[in-house]
Amino acid sequence: MINNIIPLKIAGVGYCIPETVVTNDDLTKLYDTSDEWIYTRTGIKERRLVSGNESAVDLGYKAAERALEKSGLKVEDIDMVICASSAPPELYPAIACRIQAHMGIPNDVPAFDITAACSGLIYAMSIARGFIASGMYKSILLVATDNNSRLLNWEDRSASILFGDGAGAMVVTASDDGVDDIISIDIRANGSIGDLIKLPLAGKNCPLVEANDEQPQFIEMNGKEVYKFVARTLPQYVEEMIEKAGMKAEEIDYLIPHQANLRIIQAVQERLGYSDEKVVTNIKYYGNTSAASIPLAMAESVEQGKVKLGSTAILCGFGAGMTWGGAIVRLREGIC
Ligand code: ACO
């Protein structure tokens, strides 16, 4: 924890999902699977996928425009852009730079991407908190956006059933009323199990040197081992995080978790003893949208009135790396 810091306000949130819906039944045209198999194991019924030239950049800047509008800030107020993405349409320029240009955020403002997979939004919030706390930057645009569907092997039924595309965004700024909307935040990684989920880049060595082993450029996942690791780690981690913040689970109004598998969400819910009304789930309609998953779940549930503002929520996520993280936040009136 940092003491004597400039407090941070979550000023606005927004999201964007592609229009195209692909259901579990649609996937039976690609391989041997069924709605029943997918739904009972994951809680997913359908997902939204980018179509044509639509990409994570388009989804990201639309989510960012909505978050900015809600924040009441203008593009000239933004003094940093951080984008979390692990399935981007291009490795560079950074999505953050593309979004800066699209939105007309001043040209000299720093903009960069981070890769922490599905924990990306929590990592980005943690970085932004440091910059705001120290007084180096005042208002930061965070965008979490992924077009997983373009990087999946659509012949691999074990991984491709899980993912969808989407974007979420958050504007954070120095708080002018002394209230810090990040009550607690924590990020973790364990690179020694990094091969559990990976996305190799295709590429060949220079022909003048020894050839490298070529890799197909697809998301590869050991679903069983990921499930075991997360089910073992996440519920206890979330419980300990709340304890370390000096709080009790019942003092927090909502759980807004990464939407990777309904059974994992339920394991965290059970550990915290929360009723269904306190837990945000939209995995049924969007699948796993990676970094976008938490801000998308947050902004949509507020917009739909499922999450009331003037409340607190615990966000938690995990993803490739392996990375994981959590944040206890205040959700003020007017953020969405
Ligand atoms: N439809 C029908 N059958 C299937 C499918 C499918 N889509 N996929 C696999 N199967 C079959 C397998 O071939 C296997 O058959 P077999 O027993 O004859 O060999 C059987 O079903 C069981 O396969 P498992 O892979 O063992 O299935 P499991 O029960 O582990 O469920 C799942 C797979 C849903 C992927 C689960 O492991 C899971 O949810 N893991 C967590 C994944 C996750 O959270 N990823 C997060 C990624 S976050 C990020 O950073 C990108």
Side-chain angles (χ1 to χ4, degrees), residues 22-47 56 84-88 114-124 144-166 168 187-191 193-200 217-235 237 257-268 281-284 286-297 315-326:
V22 173
T23 64
N24 290 345
D25 282 335
D26 292 333
L27 293 182
T28 63
K29 294 174 199 150
L30 296 181
Y31 36 59
D32 181 17
T33 190
S34 67
D35 175 55
E36 196 268 337
W37 194 97
I38 300 171
Y39 186 61
T40 51
R41 277 170 183 78
T42 66
I44 301 167
K45 277 272 177 195
E46 58 190 46
R47 69 284 295 141
S85 186
S86 46
I114 59 156
T115 303
C118 312
S119 320
L121 190 265
I122 295 171
Y123 267 68
T145 185
D146 274 311
N147 47 225
N148 293 294
S149 66
R150 207 172 277 163
L151 296 157
L152 284 161
N153 174 1
W154 286 102
E155 289 171 8
D156 171 6
R157 63 180 180 170
S158 61
S160 59
I161 54 157
L162 293 175
F163 293 93
D165 303 325
I187 48 175
R188 306 280 173 106
N190 179 354
I193 46 171
D195 281 345
L196 291 186
I197 316 172
K198 58 182 181 176
L199 173 53
Q217 192 172 350
F218 293 129
I219 296 170
E220 292 170 27
M221 184 183 69
N222 183 336
K224 215 172 227 2
E225 289 307 314
V226 171
Y227 187 90
K228 279 201 249 169
F229 170 74
V230 179
R232 214 171 40 234
T233 311
L234 200 65
Y237 169 71
H258 170 45
Q259 312 283 312
N261 184 312
L262 193 59
R263 289 184 294 160
I264 293 173
I265 296 174
Q266 286 163 343
V268 178
T281 59
N282 62 9
I283 188 169
K284 190 171 176 184
Y286 304 132
N288 178 349
T289 55
S290 294
S293 163
I294 294 174
L296 167 55
L315 320 178
C316 63
F318 64 90
M322 293 294 289
T323 60
W324 62 105

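Numbering of ligands and ligand atoms starts at 1, following listing order. We're numbering straight along the sequence, starting at 1.
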*Can any side-chain N or O of Asn288 pair as donor or acceptor with the backbone N or O of Leu162 at less than 3.5 Å?*
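Not a single qualifying donor-acceptor pair exists.
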
*Can you name the closest pair of heavy atoms from Ala144 and Ala291 and give their distance?*
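Minimum heavy-atom separation between Ala144 and Ala291: CB-O, 3.3 Å.
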
_Non-hydrogen atoms of Trp324 and Tyr123 that approach each other most closely_ =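 In terms of heavy atoms, the two residues are closest at O-CE1, 4.0 Å.
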
_Is any side-chain heavy atom of Arg47 closer than 4.5 Å to one of Asn24?_
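Heavy-atom side-chain distance check passes, below 4.5 Å.
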
*Do the side chains of Met322 and Thr233 get nearer than 4.5 Å, heavy atoms only?*
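Side chain of Thr233 against side chain of Met322, heavy atoms only: no contact under 4.5 Å found.
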
_Apply side-chain hydrogen bond (donor to acceptor under 3.5 Å, both in side chains) to residues Asp25 and Thr28 and explain how you reach the verdict._
CA-CA 5 Å; Asp25 282 335; Thr28 63; 5.3 Å; no

*Contact residues of ligand 1 with a heavy-atom cut-off of under 4.0 Å?*
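These residues qualify: Asp32, Thr33, Trp37, Arg41, Thr42, Ala117, Cys118, Arg157, Ser158, Ile161, Leu162, Phe163, Ile197, Met221, Gly223, Lys224, Val226, Tyr227, Ala260, Asn261, Asn288, Phe318, Gly319, Ala320.
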
